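Down below is the structure, laid out as structure tokens.
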Number of protein chains: 2
Amino acid sequence: MGAEQVTDLAWRALADRNRRAILRAIRAGPQPVGAIAEQVGLSQQTTSHHLGVLRKAGLATGHREGTRHLFAVDPDGLAAVRSYVDDFWPRKLSDLKTAVESRWEKADG
Amino acid sequence: MGAEQVTDLAWRALADRNRRAILRAIRAGPQPVGAIAEQVGLSQQTTSHHLGVLRKAGLATGHREGTRHLFAVDPDGLAAVRSYVDDFWPRKLSDLKTAVESRWEKADG
DNA sequence: GCATAACACAAGCAGGCATTTGTACTTATG
DNA sequence: CATAAGTACAAATGCCTGCTTGTGTTATGC
């Protein structure tokens with residue numbers, strides 16, 4: 001078991017466009033659920049549900065302040081996704097690209 | 001319309017664990033469908049289906065060679081995902097993290 | 001032209017997930 | 001305790017999607 005199992009929830013969470021919109025909404029700073037719902041154009045219940053998914057995926061953190069619940073981006077979860085993607089470009093992206101294309105030419109020749 | 005619509009297919013494609021396994025299987029170099037299916041433990045039809053999804057998402061490229069169909073990673077699609085993720089860490093990851101945590105303390109105080 | 005290998009396409013089924021609707025919980029106020 | 005604001009939880013619904021099964025398509029060998 002590697003980082004695959006760890007980031008599986010994060011990948012599935014990021015697959016939804018509304019959840020990515022939520023992450024962008026709280027990117028600048030923590031915001032309550034109601035404000036987030038208004039920004040992304042979803043109901044309070046749906047937004048709360050998505051925030052729970054993002055929370056369990058390690059992509060968002062919550063903090064209670066009175067009757068409100070402020071949510072913010074959790075950099076740790078996104079760092080895991082980033083390192084996963086980075087694993088596909090050890091050094092230079094162009095190197096891999098040219099390597100692949102040269103294989104196509106080999107196959108053609 | 002920004003990069004959100006463009007990368008939506010890529011995000012949904014990467015949400016599936018088997019498709020990520022397929023990407024890792026063809027990471028070193030182009031391979032035929034049968035070999036990929038054997039590596040990831042899926043049927044030929046299912047693997048072909050997933051490769052089609054990855055192809056439409058811009059994450060994999062295919063090339064016919066006789067009766068075989070070689071697939072390889074498409075760096076362009078993954079680059080789009082990478083730039084999306086990078087957008088959450090403009091400079092230093094730790095800066096955002098401490099900024100968020102300091103807001104929590106403000107809220108508590 | 002026929003058989004075989006490798007792969008893609010299509011229909012059907014089952015599970016997962018996003019959304020809605022309704023409601024309970026927590027906190028502040030009087 | 002009663003009320004209002006903000007949010008989370010639960011059931012129901014409809015859609016999307018991954019997998020299976022069956023079949024069509026393309027290329028090689030005889």
Side-chain angles (χ1 to χ4, degrees), chain A residues 4-5 7-26 29-72 104 107-109, chain B residues 4-5 7-26 29-57 59-72 103-104 107-109:
Chain A
E4 178 64 21
Q5 284 186 341
T7 53
D8 186 57
L9 286 174
W11 281 116
R12 290 192 298 179
L14 288 168
D16 190 75
R17 180 179 298 183
N18 288 328
R19 281 196 287 262
R20 294 197 301 274
I22 289 175
L23 281 180
R24 260 188 275 100
I26 62 179
Q31 287 188 11
V33 179
I36 300 171
E38 197 170 355
Q39 285 187 42
V40 299
L42 294 175
S43 69
Q44 177 268 318
Q45 289 90 336
T46 302
T47 305
S48 177
H49 167 68
H50 285 317
L51 284 168
V53 174
L54 290 170
R55 204 160 107 97
K56 291 176 183 174
L59 296 171
T61 56
H63 183 272
R64 204 127 195 205
E65 183 178 345
T67 62
R68 301 183 189 178
H69 201 161
L70 299 180
F71 280 91
W104 287 164
D108 286 332
Chain B
E4 177 63 22
Q5 284 185 341
T7 53
D8 186 57
L9 286 174
W11 280 115
R12 291 191 298 180
L14 288 168
D16 190 73
R17 180 179 299 182
N18 289 328
R19 281 197 285 262
R20 294 197 301 272
I22 289 175
L23 281 181
R24 262 188 272 100
I26 62 179
Q31 287 189 11
V33 178
I36 301 170
E38 198 170 355
Q39 286 188 41
V40 299
L42 294 175
S43 68
Q44 176 267 319
Q45 288 89 338
T46 302
T47 305
S48 178
H49 166 68
H50 284 316
L51 284 169
V53 174
L54 290 170
R55 203 161 108 96
K56 290 177 183 174
L59 295 171
T61 55
H63 182 271
R64 207 127 194 206
E65 183 177 345
T67 63
R68 300 182 189 177
H69 201 159
L70 299 179
F71 280 91
R103 293 224 181 192
W104 288 163
D108 286 332

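Computed from a predicted structure; not experimentally measured. Heavy atoms only: backbone and side chains are in, while hydrogens, waters and symmetry mates are out. So you know, we letter chains A, B, ... as the sequences are listed, proteins then strands, and number each from 1.
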To the nearest angstrom, the CG-P distance between B:Leu51 and C:dA6 comes to 16 Å

Please give, in whole Å, the distance from C:dA5 C1' to B:Glu65 CD? 15 Å

Over how many whole Å does the gap from B:Leu70 atom CG to C:dC7 atom P extend? 8 Å

note: B:Arg55, atom CZ; C:dC7, atom P; distance rounded to Å ~ 14 Å

Could you grab the distance from atom CD of B:Glu65 to atom OG1 of B:Thr67, nearest 0.5 Å is fine? 9.0 Å

Do B:Gln39 and B:Ile36 pass the side-chain contact (heavy atoms from CB on, under 4.5 Å) test, and can you show the C-alpha distance, the side-chain angles, and the key distance before you say yes or no? CA-CA 5 Å; B:Gln39 286 188 41; B:Ile36 301 170; 5.7 Å; no

Could you state the NE2-C1' distance from A:His69 to C:dC25, rounded to the nearest angstrom? 14 Å

Distance check needed: C:dA6 P versus B:Arg64 CZ, whole Å only. 13 Å

Testing D:dG6, C:dA6, D:dA8 for proximity to the side chain of A:Arg68, the answer is D:dG6

Roughly how many Å is it from NE2 in B:His63 to P in C:dA6, rounded to a whole number? 19 Å

What string of B, S and - do you get for nucleotides 15-22 of chain C, 5' to 3', when a contact is any protein heavy atom under 4.0 Å? --SSBBBB

D:dT7, OP1 or OP2 - any side-chain N/O from A:Thr67 closer than 4.0 Å? no

Keeping the roles fixed (side chain from B:Arg20, backbone from B:Leu14), state whether a donor-acceptor pair exists under 3.5 Å. yes

Nearest-angstrom distance from the residue atom CD of A:Gln31 to C1' of D:dG6: 15 Å

Verify, without hydrogens or angle tests, whether A:Ser43 (side chain) and A:Thr46 (backbone) share a donor-acceptor contact under 3.5 angstrom. yes

Is the shortest heavy-atom distance from the side chain of B:Arg55 to the side chain of B:Phe71 under 4.5 Å? yes

Side chain A:Arg68, main chain A:Gly34, donor-acceptor under 3.5 Å: no

